[in-house]
Amino acid sequence: WIRLAGESPFALRFPSAVAIGFAVAAVTLLAGRRGGPKAAIVAGIVACVLPRMTYAGEEARSFAFTAAAAGWLTVLLLWLVDGGGRTAPASVRRACWAVYGVGLALTSCLFLYTASIAVAHVAILLFSRASRPALRAWAVATGCALLAVGPLVLLAYFERSQIGYLGNQSIDPATLLWMPWFGNGWVALAAWACIALAVGSAAFARWGRAGRPERPTAAPAERAPLPVSATLVGACWLILPTGTLLLVNLAFPMYTARYSTFAAPAAALLIAEGLLVLGRLVSRRAGVPAVAVTGAGLLAFVAVCTPVYLSQRGPYSKNNSDWAEVSAAMGAAAVPGDAVVFDESTRPSQRPRLAMRTYPAGFSAVSDPTLQTPYYRNIGWADRVYSIPKAAELGRFDGLHRVWLVE
């Protein structure tokens, strides 16, 4: 992509923006097929402003693509289980299950942890009382997908030390409640209130009035599938994959909040359902039109997300980095014959040496005396460097009169 479009910030981030557009489309379609046009509009707008979605849409990583892929895999699954796929010809169903399996494998190659979406999908199938043929087809497709990514799983296991630093990070309430999808505490408070409203309303509708679900009288293979609500889909998708990752994290440090980006569309789906439930409840009790209450709630949610959106697009939004400014300062002040050294003691993603690699124009006049092996000749992604005493011992500073330090 860089060879085709260049490496400007816009070019680098454009594919992720398009991918988030596809993720929003999947959320809109899922909500609309289960709740009509109003549900589709509310869910689409929530997905457009949800902090994790907007963050993934402006970074050059695979997370935006995982959100889109997980969304459209879920659309396909639901079409096969309770949509037109149930009555489609057998050959069409088999082809669609094959597409599902290939899609799950490719999605897992985008980011391995996305394979845990299978946990949500099997839960959706079981809660909806899917037929045995549908369960068998899902098991075959998913099994083939997991076999296909087996080599990647092994590679990830043997390379697990690359994320070994995650073992030093604690799983605290912030990691669980707002960092994965919501950006800050205020957005998390509003989001979880909507999610609780949606899940509580769905649980009451299914079990509350009768005290417990009706006991089926027919054999399991003969039961008609239950309609799959957007709330059920969203709850399984949001909670189960992330819960699975957190359980594995107890044995192998492997989780950080952004890894759950593929579940962000589910959060948008549940928040939208909560806003719709709020509108119906207030309408029944106060006589206010439901659409007005839902619209007001939606505007309030957009408002609470706006500061996060703006902070994501500020000059220091990526780990408080100022690499562009560092490069500009070096370009203005350094002259040919100068050298530069960098503080190498910080965490890898914040090393100031990356200013030279991401914005090289400002460093064109200076030499790099501590460089041992540049990243493009190294097996790792970073430069390999000498310490300053070692570089001096090797004579790397001989003949230099001015050295810039970036720390």
Side-chain angles (χ1 to χ4, degrees), residues 16 52 55-56 59-67 69-70 105-119 146-183 239-264 317-321 323 341-358 370-388 390 406-407:
S16 293
R52 178 54 61 183
Y55 188 91
E59 64 175 0
R61 291 179 119 163
S62 65
F63 295 123
F65 298 91
T66 66
L106 293 176
T107 300
S108 302
C109 289
L110 285 170
F111 183 55
L112 184 59
Y113 295 0
T114 318
S116 62
I117 191 70
V119 180
L146 296 180
L147 282 174
V149 298
L152 181 60
V153 173
L154 288 175
L155 177 63
Y157 177 77
F158 290 122
E159 294 286 330
R160 66 191 183 278
S161 61
Q162 291 202 31
I163 55 170
Y165 66 91
L166 294 176
N168 300 323
Q169 300 180 10
S170 60
I171 302 296
D172 54 22
T175 304
L176 295 174
L177 297 178
W178 69 70
M179 289 175 62
W181 308 294
F182 306 129
I239 296 170
L240 296 180
T242 301
T244 301
L245 296 178
L246 288 170
L247 286 175
V248 177
N249 188 74
L250 296 176
F252 300 102
M254 54 163 283
Y255 180 78
T256 192
R258 64 178 177 273
Y259 292 171
S260 290
T261 300
F262 67 91
S317 61
K318 297 296 182 183
N319 288 328
N320 293 319
S321 64
W323 296 341
V341 296
F342 300 92
D343 175 14
E344 305 287 350
S345 65
T346 62
R347 57 188 290 186
S349 61
Q350 293 181 336
R351 287 176 184 165
R353 168 172 288 276
L354 293 172
M356 183 173 64
R357 295 309 189 188
T358 51
T370 61
L371 179 64
Q372 180 181 3
T373 308
Y375 72 93
Y376 47 83
R377 293 178 184 167
N378 189 13
I379 61 170
W381 64 269
D383 292 332
R384 188 177 296 158
V385 297
Y386 295 114
S387 66
I388 290 178
K390 181 65 176 178
V406 185
E407 63 179 354

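Remark: Ile379 CD1 is loosely packed, at most 12 non-hydrogen atoms of other residues, nucleotides or ligands lying under 6.0 Å away.
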Requested in this report: Decide yes or no on side chain to side chain contact (heavy atoms under 4.5 Å, CB included) for Ile388 and Val341, but give the supporting numbers first.
Outcome: CA-CA 8 Å; Ile388 290 178; Val341 296; 4.1 Å; yes

**Report entry** Pair Leu176-Leu246, side chain to side chain contact (heavy atoms under 4.5 Å, CB included): steps then yes or no
**Finding:** CA-CA 9 Å; Leu176 295 174; Leu246 288 170; 3.4 Å; yes

Query - Audit row: Tyr259, Leu166, side chain to side chain contact (heavy atoms under 4.5 Å, CB included) steps and yes/no - result: CA-CA 12 Å; Tyr259 292 171; Leu166 294 176; 4.1 Å; yes

Requested in this report: Kindly indicate, with the supporting measurements, whether the criterion side chain to side chain contact (heavy atoms under 4.5 Å, CB included) is fulfilled by Ser116 and Leu245.
Outcome: CA-CA 8 Å; Ser116 62; Leu245 296 178; 4.3 Å; yes

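Summarising the geometry, atom CG belonging to Leu146 is positioned 11.5 Å from atom CG belonging to Leu152; distances are rounded to the nearest 0.5 Å. The OG1 atom of Thr242 lies 12.0 Å from the CG atom of Asn249; values are rounded to the nearest 0.5 Å.
Arg52 places no side-chain N or O within donor-acceptor distance of the main-chain N or O of Phe262, the cut-off being under 3.5 Å. Looking only at distances, a side-chain donor or acceptor of Ser62 sits under 3.5 Å from a matching main-chain atom of Leu110. Under a 3.5 Å cut-off, the side chain of Asp383 and the backbone N or O of Val385 do not form any donor-acceptor pair. Between the side chain of Ser260 and the main chain of Ala263, no donor-acceptor pair closer than 3.5 Å is present.
Classified by interplanar angle (parallel below 30°, tilted 30° to 60°, perpendicular above 60°), the ring pair Phe111/Tyr113 is tilted.
Of the residues Lys390, Arg353, Glu344, the one that meets the side-chain hydrogen bond (donor to acceptor under 3.5 Å, both in side chains) test with Thr370 is Arg353.
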